[in-house]
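Let me begin by presenting the structure, written as structure tokens, before commenting on it.
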Amino acid sequence: MKYEKYDFAQVEKKWQDIWDAKNVFAATNDYTKPKYYALVEFPYPSGQGLHVGHPRSYTALDIVARKRRLEGYNVLYPMGWDAFGLPTENFAIKNHIHPEIVTRQNVAHFKSQLKSLGLSFDWNREINTTDFNYYKWTQWIFLQLFKKGLAYKKEMSVNWCTSCKCVLANEEVVGGVCERCGSEVVHKVKSQWMLKITAYAQRLIDDLDLVDYIDRVKVSQINWIGRSTGAEVEFGTTTGDALTVYTTRPDTLFGATYMVLSPEHPYIEQWADRLSNMEEIRAYQAEAARKSDFERTELVKDKSGVELKGVKGINPVNGKEIPIYISDYVLMTYGTGAIMAVPAHDTRDWDFAKKFGLPIIEVVKGGDVEKEAFTDCETGTMVNSGMLDGLSVEEAKEKIKTWLEENGKGQSKVNFKLRDWVFSRQRYWGEPIPMVFCEKCGWVPLPESELPLRLPEVKSYEPTDSGESPLAHMDEWVNTTCPHCGGPARRETDTMPQWAGSSWYFMRYCDPTNSEALASKEALDYWLPVDWYNGGMEHTTLHLLYSRFWHKFLYDIGVVSTPEPYAKRTSHGMILGENGEKMSKSRGNVVNPDEIVREYGADTMRLYEMFIGDFEKAAPWNSSSIKGCKRFLDRVWALQNVLEGGKAYRPSLESSMHKTIKKVTEDIEQLKFNTAIAAMMALLNEIEAAGSVNEAEYRTLLILLNPFAPHVTEEIWEAQSFGGMINQQKWVSFDPAKCVDAEAEIVVQVNGKIKCRLSLPVDCPKEDAIARAKEAAAQALEGKTVVKEICVPGKLVNFVVK
RNA sequence: GCGGAUAUGGCGGAAUUGGCAGACGCGUUAGAUUCAGGUUCUAAUGGUCGCAAGGCUGUGCAGGUUCAAGUCCUGUUAUCCGCACCA
């Protein structure tokens, strides 16, 4: 027994060094070759180092990338660092180290961890969002957005994390608390840079048709953008002012029995001297403003509000005067900040009407509006609605819209839940926003020639209680001259959010050192779109949406030539702790990838993470199961002991070889890595049962396994002098005709119950199969009458008897 | 409340168009190797009745369609994830 075990630590290091030295995974700039761009989300280099979750995604696309190289593509599989952000900054504050140094250390650690896994990244194209040669172009994109009117500064109520002392985008507030630290989020009025993502809302929905994303990603993006169709309706008021509301149910206009304004609605101040209960109203406004998002959502069930006494609304369809309330269940940020309330057909209005004793008028027949709101749009018929009586809801909607338009009282309207993107952060460790404020000229963009605007050295990175960025104290940096008039001016001191750098990083990989442009047009045209992008579901409505928006904008201004950045998007499930819970330090169930690599080797680690279960689903780690993967690789290694010559598969194994190639080839494309590995294990079992392996069989097995376990396959390939490096061979092909066996096992059933099995040639005619089956099941058929004979060729014969 | 998903042995999970449920792996049991532990090898392994041959039963639950259902239809329960007063 010559080959029993191998020293994986030594073998893996050896091959990693050789790949590095020979630069074998570098993408070439030969734009005539067919290309393949595989992308995984670049990590945030945190102090904790790599998590076992990272390699799940990275190994999966590494397998795809390695397979594509064997298939002859020019493959780009790059890696970089999304390194701006709060954890690094907080660590820097605590330990009085510059965030740049922290970042450098963390990157070095991450990089060595990734290298130890044998991932075939093209390290020549490594990027880092905190490198000023990189963020120069992040700033450049911001300037283009500003020039097109898509970046604007606005005084507004924003989400404010009380612990990070920083504003948050809507997407970063989860369940009323800060996505990152879990602290309370309150509202604060601040002047903020905003990006007009809402201008792209419709296209962000429509163009999902152009791409191959897994369904749940499309569905959540569509829900998040939240398109709704309805109408704006102009109500009159006893003050003479018109009060416009948005509704998706204009058909129920006759059922409007009151109106509700958001507590922040500007009419309230405008009407102040007419309102007899202004004190009560002010108290309610103050209370609503004080509530955090969390409290507001907690109190969803219990409606509150105050009537505006002294003013009435006037329903345009029937001239009826109805009361107006304010309530925090109406949001200033959606629609017009005012609604018509139809308690009979809206649950929220119903709750409110019941609490305040307001009338409920049924206008769609079909439910019992005294018991609950009847909200069904499919079945009801219009009643109590004048000209709409007798129509279906759909017909009524159309008719009333036409009436509103003809009478100048409203029109159809589409609304989106999506809000503009709050783009300022009051922190140090981010890209400076390249804008200057001049008393005379207002906000002036920095000339492109002055980019990058580098982060200055500061004494303290501490966020301030005043809500200003730490940069605000750097007078010599802040005070500058106006690029427009030359007069004294001040720089913007807020920085960009963490999502800025990651919104376009996949473009930079195409041409990472370009100093003239974010990347050359040729490089972008060749490499984009990304062919396959894998990443976490948690980024669906953050990074993924933001980067689609930026890409579309860059498409509009001619920087890129494809409307969508990613042709295909898939998502991996989480790796949970052994107890089935999410891995976390506090739960004490964290698995350290370094230890796994040390104990079992990178090949085993990779194989196990791919074998652990359905790639798209969460799977608990299991420290015994990993042994199975180690055993498998050891047995593949040990085949060297029973290796024989032979240029063709032996007949007994031929169909198994072809079937396995087919299975592995197809499964990789469908993210079914677990069954691809199972198929290779089954093939190995069969080869072992045969007592030996021949060269043709071994070569095929090694090539199939190479993308999964690149080191050991490379080592065997070399040890057996199979010629060159395995990563430079050709992917193996199969013959569909040879994937079928000559004989198939047929199941013989009587009344659907299996009685026996028999082996028949696959091309055995039906009649013969039935005859043979009848013989075989003679005992079970004795004394019975066969009513029906069913034969599925190659599968079964079933006799229905009485 | 709305949206999305999931439910199969002791565990992770397999099962083209409805056609042998439990592939592959872990674990377990027995045996071999070993001073021993580990490793490796052989065999068994859904439950249940039976000495056995063999039978019965079995994919969250209740119905239904079918020669045949994990898969299709109707209803229902549980769990997970996302969103949440969006008019």
Side-chain angles (χ1 to χ4, degrees), chain A residues 1 4-5 174-176 215-220 222-224 226-228 230 245-250 252 260 262 293 296-297 299-303 327-331 333-342 345-349 351-352 375 415-419 537-538 540-541 573-574 578 580 607-608 611-614 616-632 634-635 638 666 672 674-685 688 745-754 756-757 787-801:
Chain A
M1 282 298 215
E4 261 190 24
K5 288 267 176 67
V174 177
D215 240 22
R216 56 202 169 117
V217 169
K218 287 191 184 184
V219 168
S220 7
I222 289 168
N223 288 345
W224 182 262
R227 183 181 198 271
S228 85
V245 301
Y246 172 71
T247 177
T248 54
R249 295 292 305 273
T252 61
V260 187
S262 151
D293 270 6
R296 244 170 116 143
T297 48
L299 297 170
V300 164
K301 287 282 159 266
D302 192 26
K303 298 272 179 294
S327 172
D328 62 6
Y329 87 83
V330 175
L331 308 174
T333 47
Y334 186 78
T336 62
I339 62 157
M340 66 173 202
V342 184
H345 305 291
D346 181 285
T347 29
R348 293 151 302 174
D349 297 347
D351 291 343
F352 191 88
T375 55
N415 262 322
F416 296 95
K417 286 192 218 174
L418 186 70
R419 293 287 103 82
M537 274 310 282
E538 70 275 18
T540 302
T541 54
M574 250 194 295
E578 295 223 40
L607 201 65
Y608 175 61
F611 189 59
I612 195 167
D614 184 331
E616 302 198 56
K617 286 196 208 135
W621 186 268
N622 185 311
S623 46
S624 334
S625 280
I626 192 168
K627 288 180 195 149
C629 293
K630 177 85 169 72
R631 284 180 198 146
F632 170 66
D634 285 344
R635 284 159 58 202
E666 291 173 355
K672 291 163 83 176
N674 53 338
T675 49
I677 294 167
M680 289 187 279
M681 288 173 166
L683 179 65
L684 176 65
N685 288 344
E688 284 181 339
E745 194 175 83
I746 306 290
V747 176
V748 182
Q749 298 179 330
V750 174
N751 281 349
K753 294 245 155 86
I754 299 151
C756 60
R757 299 154 213 274
V787 195
K788 202 171 173 185
E789 293 162 345
I790 294 136
C791 175
V792 182
K795 296 250 187 210
L796 58 71
V797 176
N798 186 14
F799 297 107
V800 185
V801 299

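Just so we're clear, the structure is a prediction, and the values are computed from it rather than from any experiment. Note that these values count all heavy atoms, side chains included, but never hydrogens, waters or copies made by symmetry. Chain naming here is simple, since letters A, B, ... match the order of the sequence lines and numbering starts at 1 in each.
To the nearest 0.5 angstrom, A/Leu684 atom CG is 13.5 Å from A/Arg631 atom CZ. Between the NE2 atom of A/His345 and the CZ atom of A/Arg249 there is a distance of 7.0 Å, given to the nearest 0.5 Å. Between the OG1 atom in A/Thr675 and the CD atom in A/Glu666 there is a gap of 10.5 Å [rounded to 0.5 Å].
The NZ atom of A/Lys218 sits 21 Å away from the P atom of B/C83 (whole-angstrom rounding).
B/U33 sits 15 Å from B/U42 when the P atoms are compared, rounded to a whole Å. Only the P atoms considered, B/A32 is 15 Å distant from B/G38, to the nearest whole Å. One P atom belongs to B/C41, the other to B/C26, and the distance between them is 10 Å to the nearest Å. As rounded to the nearest Å, B/G60 and B/A69 have P atoms that lie 15 Å from one another. Atom P of B/A68 sits at a distance of 32 Å from the matching atom of B/G13, rounded to the whole Å. Separating the P atom of B/C81 from that of B/G63 is a span of 32 Å, rounded to the nearest Å. Look at the C1' atom in both B/A14 and B/C20: the space between them is 14 Å, to the nearest Å. The same atom, C1', is picked in B/A7 and in B/A87; the two are 37 Å apart, to the nearest Å.
For A/Phe352, the ring pair (Phe, Tyr, Trp, His ring centres under 6.0 Å) test picks out A/Tyr258, A/Tyr325, A/Tyr329, A/Phe356, with sequence neighbours left out. With sequence neighbours left out, A/Trp621 forms a ring pair (Phe, Tyr, Trp, His ring centres under 6.0 Å) with A/Tyr608. A/Ser228 meets the side chain to side chain donor-acceptor pair (under 3.5 Å) test with A/Tyr246, A/Tyr334; sequence neighbours excluded.
Look at B/G9: its glycosidic torsion is within 90° of 0, and that puts it in the syn range.
Counting any heavy atom pair closer than 4.0 Å across all strands shown, A/Ser624 reaches sugar-phosphate atoms only and no base atom. Residue contacts for A/Ala618: at a heavy-atom cut-off of 4.0 Å it reaches the sugar-phosphate backbone alone, with no base atom in range.
When all heavy atoms of A/Leu607 and A/Ile677 are compared, the closest pair comes out as O-CD1, 3.6 Å. The nearest pair of heavy atoms linking A/Gly628 to A/Met681 is O-CE, 4.4 Å. When all heavy atoms of A/Val800 and A/Ile790 are compared, the pair lying nearest together is CG2-CD1, 4.2 Å. The nearest pair of heavy atoms linking A/Thr252 to A/Val342 is OG1-CG2, 3.4 Å. The two residues A/Leu331 and A/Ser262 have their closest heavy-atom pair at C-CB, 4.0 Å.
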Atom pairs, protein N/O to nucleotides 77-79 of chain B N/O, distance under 3.5 Å:
none

Quick one: which protein N/O atoms are closer than 3.5 Å to N/O atoms of nucleotides 39-43 of chain B? Pair and distance per line, please.
{"residue": "B/U39", "atom": "O2'", "partner": "A/Lys5", "partner atom": "NZ", "Å": "3.3"}
{"residue": "B/U40", "atom": "OP1", "partner": "A/Arg631", "partner atom": "NE", "Å": "3.3"}

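Under the Watson-Crick or G-U wobble criterion, with both distances below 3.5 Å, B/G58 has no partner in any strand shown. The partner of B/C83, taking Watson-Crick or G-U wobble pairs whose two distances both stay under 3.5 Å, is B/G1. Taking a pair to require two hydrogen-bonding distances under 3.5 Å in either a Watson-Crick or a G-U wobble arrangement, B/G70 remains unpaired. The partner of B/G22, taking Watson-Crick or G-U wobble pairs whose two distances both stay under 3.5 Å, does not exist in any strand shown.
In this structure, A/Phe416 and A/Lys788 both approach RNA chain B, and ranking their closest nucleotides by distance from the 5' end singles out A/Lys788. Both A/Ser220 and A/Ala338 sit near RNA chain B, but only A/Ser220 has its closest nucleotide nearer the 5' end.
Here the side chain of A/Arg419 pairs a donor or acceptor atom with the backbone of A/Thr333 at under 3.5 angstrom. Although no hydrogens or angles enter the test, the distance criterion places no donor-acceptor pair under 3.5 Å between the side chain of A/Ser625 and the main chain of A/Asn622.
Taking only distance into account, the side chain of A/Lys417 never meets the base of B/C83 through a donor-acceptor pair shorter than 3.5 Å.
At B/A87, one or more side-chain N or O atoms of A/Ser228 fall inside 4.0 Å of OP1 or OP2 (strictly under the cut-off). Contact between the side-chain N/O atoms of A/Tyr329 and the OP1/OP2 oxygens of B/A87 is not found at any separation under 4.0 Å.
The listed nucleotides are B/C26, B/G25, B/A87; the one nearest the side chain of A/Asn685 is B/G25.
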Going 5' to 3' through nucleotides 14-23 of chain B, assign each nucleotide B (protein heavy atom under 4.0 Å from a base atom), S (under 4.0 Å only from sugar-phosphate atoms) or - (no protein heavy atom that close).
SS---BBS-B
